[in-house]
Amino acid sequence: MGEMEELRKEAENLKDQITEARKVVQDATLPEVAAGTAVVGRVQLKTRKTLRGHLAKIYAMHWGADTKLCVSASQDGKLIVWDTLTTNKVNAIPLKSSWVMTCAYAPSGNLVACGGLDNMCSIYNLKGKDGNVKVMRELAAHTGYLSCCRFLSDSEIITSSGDCTCVLWDIETGTQKTIFAGHMGDCMSLAVSPDFKTFISGACDFTAKLWDIREATCRQTFSGHESDINAIGFFPNGNAVITGSDDATCKLYDLRADQELITYQDSSIMCGVTSLAPSLSGRLLLAGYDDFNVNIWDTLKGERVGVLAGHDNRVSCIGVSSDGMACCTGSWDSFLKIWN
Amino acid sequence: MDEMDLPQMKKEVESLKYQLAFKREKSSKTVTDMVKWIEEGVPEDPFLNPELMKNNPWVEKGKCVLL
């Protein structure tokens with residue numbers, strides 16, 4: 001087909017032009033600029049609490065904005081809201097579908113959401129009048145599994161799916177406001193920018209995309225990984241993106257210069273990255289791996305400066321509380337641990 | 001990864017044109033800003049400053065805990 005060939009050539013041409021445009025602004029590298037920065041030395045965090053109660057693999061966790069509560073999702077078919085200080089279970093919510101892959105806590109603390117192989121995102125109201133936690137809305141339209149979800153507010157949530165799209169939903173009406181299409185592989189993870197204007201998605205097409213939520217456009221696409229991107233996060237000031245992949249590396253991408261700055265890798269690490277979270281200042285990157293460990297990286301120097309070893313199976317999820325005081329890890333061993 | 005059909009390919013080309021138009025800043029500026037931002041934040045980062053964790057809410061103060 002003539003038109004298809006022409007479009008293919010045009011696409012390749014545009015990609016080459018983008019590569020050129022990136023080279024034009026590359027007049028400094030991170031190692032050069034950070035050469036004078038002092039090293040951080042060994043970082044040792046201890047397990048302060050172990051949250052016991054799930055009966056099967058934990059797939060996801062998310063801190064509440066209050067920095068003391070968190071929600072976790074397990075394939076035992078439960079969402080548990082934990083008081084991490086006392087290890088008490090504030091809520092234990094039974095799910096219709098036990099094949100859950102993601103969970104999220106709304107910034108207000110009023111709602112939690114989850115989803116998975118049921119292709120739906122279910123919203124639960126934690127502050128219902130009679131004290132019972134009930135399903136408030138079931139957001140159904142994705143034709144693939146729900147890999148990740150994040151609230152913008154109590155009325156809007158963004159989801160990523162194995163159907164290669166991300167969707168912005170109106171929770172009130174249960175309808176899709178915007179569909180973000182463009183990835184050529186399952187979308188595995190998403191993160192919302194600190195100013196709530198953009199979000200990033202990581203996919204099985206090995207790329208990360210930055211989306212403008214209101215314009216509904218893909219502003220930037222980042223390549224470089226050699227396998228599926230499983231985890232993605234914003235750098236704390238919103239100016240950079242961190243990705244974690246099955247290729248055993250994490251990468252830092254500069255949004256303003258539109259390019260990759262550094263790769264966090266070590267020849268001794270050969271298993272995939274499952275999850276990641278930056279520390280408060282962004283100087284440390286905590287990343288969970290298939291080999292049961294969390295590696296702590298110095299983001300400026302690219303070196304490993306610590307390890308969190310304590311789980312007996314894959315670390316599937318990780319999060320740092322918004323005040324930077326604690327890190328929570330969740331694992332296939334059914335436990336969550338609080339570290340600092 | 002799937003092959004694109006014609007409408008998808010047209011959208012991809014449109015998207016690439018939009019992405020090409022992005023106003024890129026020089027990395028000498030952006031990377032310097034980022035390193036500066038991190039360095040300024042390090043003294044407030046609990047994982048890098050043990051003194052900030054002196055009143056660690058997750059550590060028991062006394063010997064017994066009231067359940």
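Lettering of chains follows the sequences in order, A, B, ..., and the numbering in each one begins at 1.
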Out of [options], return the one with the most heavy atom pairs under 4.5 angstrom to chain B.
| options | answer |
| --- | --- |
| A:Asp27, A:Val40, A:Asp258 | A:Asp27 |
| A:Ala326, A:Ala181, A:Gly282, A:Ala203 | A:Ala326 |
| A:Thr37, A:Leu30, A:Leu261 | A:Thr37 |
| A:Gln259, A:Met325, A:Gln17, A:Arg256 | A:Arg256 |
| A:Thr29, A:Val24, A:Asn88, A:Thr84 | A:Thr84 |
| A:Thr86, A:Thr87, A:Thr221 | A:Thr221 |

At a heavy-atom distance under 4.5 Å, which candidate from B:Lys26, B:Glu25, B:Glu40 has the highest pair count against chain A?
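Heavy-atom pairs under 4.5 Å are most numerous for B:Glu25.
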
For chain A, find which of B:Lys23, B:Glu12, B:Lys17, B:Gln8 contributes the most heavy-atom pairs closer than 4.5 angstrom.
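Looking at each of B:Lys23, B:Glu12, B:Lys17, B:Gln8 in turn, B:Lys17 comes out on top.
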
Residues of residues 207-220 of chain A under 4.5 Å from chain B (heavy atom pairs)?
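A:Lys209, A:Thr217, A:Cys218, A:Arg219, A:Gln220, listed by number.
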
Name, in order of residue number, those residues of residues 41-48 of chain A that have a heavy atom at a distance of less than 4.5 Å from a heavy atom in chain B; otherwise write 'none'.
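Interface residues of residues 41-48 of chain A: A:Val43, A:Leu45, A:Arg48.
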
Side chains of A:Ser281 and B:Glu44: donor-acceptor distance under 3.5 Å anywhere?
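A:Ser281 vs B:Glu44: no donor-acceptor pair found between side chains.
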
No-hydrogen, no-angle side-chain donor-acceptor test under 3.5 Å, B:Asp33 and A:Asn239
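Per modelled atom types, B:Asp33 and A:Asn239 side chains form no pair under 3.5 Å.
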
What heavy-atom pair brings [X] and [Y] nearest, and what distance separates the two atoms?
| X | Y | result |
| --- | --- | --- |
| B:Thr30 | A:Ala257 | OG1-CB, 3.6 Å |
| B:Thr32 | A:Val33 | CA-CG1, 3.8 Å |
| A:Ala34 | B:Val35 | CB-CG2, 4.4 Å |
| A:Leu280 | B:Trp37 | O-CH2, 4.3 Å |

Say you draw a straight line from CG of B:Asp5 to CE of A:Met4; how long is it, rounded to the nearest 0.5 Å?
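If we round to the nearest 0.5 Å, B:Asp5:CG and A:Met4:CE are 7.0 Å apart.
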
Between CG on residue B:Leu16 and CD on residue A:Glu12, distance to nearest 0.5 Å:
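With rounding to 0.5 Å, CG (B:Leu16) is 9.0 Å from CD (A:Glu12).
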
Can a salt bridge be assigned to the pair A:Arg283 and B:Glu39 using a cut-off of 4.0 Å between side-chain N and carboxylate O?
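No, A:Arg283 and B:Glu39 are not salt-bridged.
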
What part of [X] lies closer than 4.5 angstrom to a heavy atom of chain B: side chain, backbone, both or neither?
| X | value |
| --- | --- |
| A:Leu255 | backbone |
| A:Thr299 | side chain |
| A:Asp323 | backbone |
| A:Ile338 | side chain |

For the backbone of A:Ala28 and the side chain of B:Ser28, can you confirm whether one donor and one acceptor N or O come within less than 3.5 Å of each other?
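No, B:Ser28 side chain to A:Ala28 backbone: no donor-acceptor pair under 3.5 Å.
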
Would you say A:Ser279's side chain and B:Phe47's backbone share a donor-acceptor pair under 3.5 angstrom?
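It does not hold such a pair.
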
Do B:Met34 and A:Leu252 make a side-chain contact, defined as non-hydrogen atoms from C-beta onward lying under 4.5 Å apart?
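Yes, at least one pair of side-chain atoms sits under 4.5 Å.
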
Quick check: do B:Ile38 and A:Leu300 have side-chain heavy atoms less than 4.5 Å from each other?
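Yes; the side chains approach each other to less than 4.5 Å.
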
Measuring heavy-atom distances to chain A, does [X] have an atom under 4.5 Å in its side chain, in its backbone, in both, or in neither?
| X | answer |
| --- | --- |
| B:Lys11 | neither |
| B:Lys10 | both |
| B:Leu48 | side chain |
| B:Val13 | both |

